[in-house]
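Every heavy atom of this structure was used, including side-chain atoms; hydrogens, water molecules and symmetry mates were not.
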Amino acid sequence: MAFKTLTEYLAWLYYQYLLCTGIYVLEPWEKSIFNSILLLVMAMVAYTSYVFVPIHVRLALQFFSGVFGGQTESAVTLMS
Amino acid sequence: MKITNTSGTCQGGDSTRVESRENVTTANGAACRQYKPESFEQAPMYVAVLTYLGFGIVTLFGYFRDFLRAVGLEKCHLAQEREEQRDFVPLYQDFENFYTRNLYMRVRDNWNRPICSLPGPEFDLMERVSDDYNWTFRLTGKTIENVINMGSYNYLGFAENNADFLKTVADKTLQYGAGVCSSRQEVGNLRIHEELEQLVAKFVGAESCMAFGMGFATNSMNIPALVGKGCLILSDELNHTSLVLGARLSGATIRVFKHNNMHSLEKMLRDAVCTGQPRTHRPWKKILIMVEGIYSIGAVGPTGRGVAELFQLDPADVDVMMGTFTKSFGAAGGYIAGNKVPVPQVPQVNLPASQRAVFNIPLCNWPAFTGASFLQHLPHCLTPELVDYLRSHSHSAVYATALCPPVVEQIIRVMKCIMGVDGNTMGIQRIQQLAENTRYFRSRLKEMGFIIYGNDSSPVVPILLYMAFSRAMLERKIGVVVVGFPATPITEARARFCLSAAHTRAMLDKVLHHMNEVGDDLCLKFSQRRCSPRPELFNEADFELDS
């Protein structure tokens, strides 16, 4: 599809979103409810991932380094 | 719902379908038929997921709105339970009512549009708007003029108001009046009815025929007259509602075989003949095979004789042929045609009736038939004459008012035109025009990447889509019929284009042009089939390459 401007493209994207979710048949106030719920959920997902993902990653790193790494050289030679 | 292969879920891919047909044909040594494979391409998975997602979201909002109505925050515009009937059986709480209130209402403007002109190739629509999201409509007083009509089953363009063509109809109205006020069996039988029946019998190649005033009732009321308890009906899974209703009313046992699948039918037939009725294992009194091509009469086949001609069948092989006058003939009603002796060639040997039936099952001979056609397979099946039997036993013959003379004359006029009785070639030209339009339209849509269903020569073209389609098309002055759940499975909502011989190439090109745009806008081009960008179309000189 050829678009002249960015707004045209965005309008098309929004229209596709309306069609795919089926909310083009809803009344405007229902649409806004749906959109705000969706935005809220996505914002919460973004926030929680911002807050918690670094912690989880750090913990995971610690855990795996405890499992695989951290062995001293003498232990390796002893095993071989 | 309709033409022989309009709708359908596909069991197995194209290749298996075609293959099975060929096997049947060769196995029986039948003459080589022109076989146009039908395609039932499935839409890709993501479309199904998105459709269910959309339905889910709208359904959730439906529950939300119903909740608001229940607590009194919103007024319910539809019928609902009355306060004083609180303890009665609930009337408006099933899914159908929920669906009407919360899903259908939102898109109701796509259906039941009022028109204000002859539904020819173009018509005028009365513009209407809704101020309360489709709960009520208000006519603006304006008309939307010259909307291309892709929704009428006006295959040959005989729904017309040309005074020259309709002169005989006017004459007959003056002669016979507008109605008879009596059923055929009593005093409503006019000479013009007899004339019609002889003509139809000649047209479809049967020996006798009976005409009824309503196509739907022709099916649903005559099947109970033919079969009853202790009989078996083998019915195609995609048969028209009228056949389904008739089969259910008859009280016979119904078994359903896969759409146009001869293997499935043969297996069921063998089982039925071998095991007989359940529990008692007595042989079935009659076995009736029902297939459908109701919408084909006048529209397909080189001379418009319907699917029987398309598949090069001998009409004598079909014992009961039913068809409608509503579509190609621009009239109303239906007919049943049959031969005087239903099954003349049955070997008269002393075998149980059920085994005798086996000899006479021409399995290869009926891919699909004219009208709802039935095969009667028992030698003693009815009385010697099918149509006479129906005249006295069928409900629609006994109780229904006779066809009114102007309608009868319209049918006669059109049929004579198609047969070329008075030497004109208009009928045959229109049939050829329709075939050409069909091939052109279908091949162009396939090129564009739409998924279309049905046989290549069927003038009814269903396209898979979303609902926003109909609105978008009306904005472009094209009137289409869209069908959705519950008439189709949820994932197979479709638009049904009905081509007509009256459509000119310019009109079709306009429709195709807008289809292309709307298809891009709505992302409707689901087809994943790789086809050459411009496959061989058909030999025609003025075929222009525009797109």
Identify the residues of residues 56-63 of chain B whose heavy atoms come closer than 4.5 Å to a heavy atom of chain A, ordered by number, or report 'none'. Ile57(B), Val58(B), Phe61(B)
Of all heavy-atom pairs linking Arg106(B) and Glu27(A), the shortest is NH1-N, 3.9 Å
If every non-hydrogen atom of Trp12(A) is compared with every non-hydrogen atom of Asp521(B), which pair is closest and at what distance? NE1-O, 3.5 Å
Quick one: what part of Gln16(A) sits under 4.5 Å from any heavy atom of chain B, side chain, backbone, both or neither? side chain
Between Phe55(B) and chain A, which part of the residue has a heavy atom less than 4.5 Å away: side chain, backbone, both or neither? neither
Are Tyr133(B) and Pro28(A) side-chain neighbours, meaning at least one heavy-atom pair lies under 4.5 Å? yes
In this structure, are over 12 heavy atoms from other groups packed under 6.0 Å from Tyr17(A) atom OH? yes
In terms of heavy-atom contacts, does CD of Glu81(B) have more than 12 from other residues, nucleotides or ligands at under 6.0 Å? yes
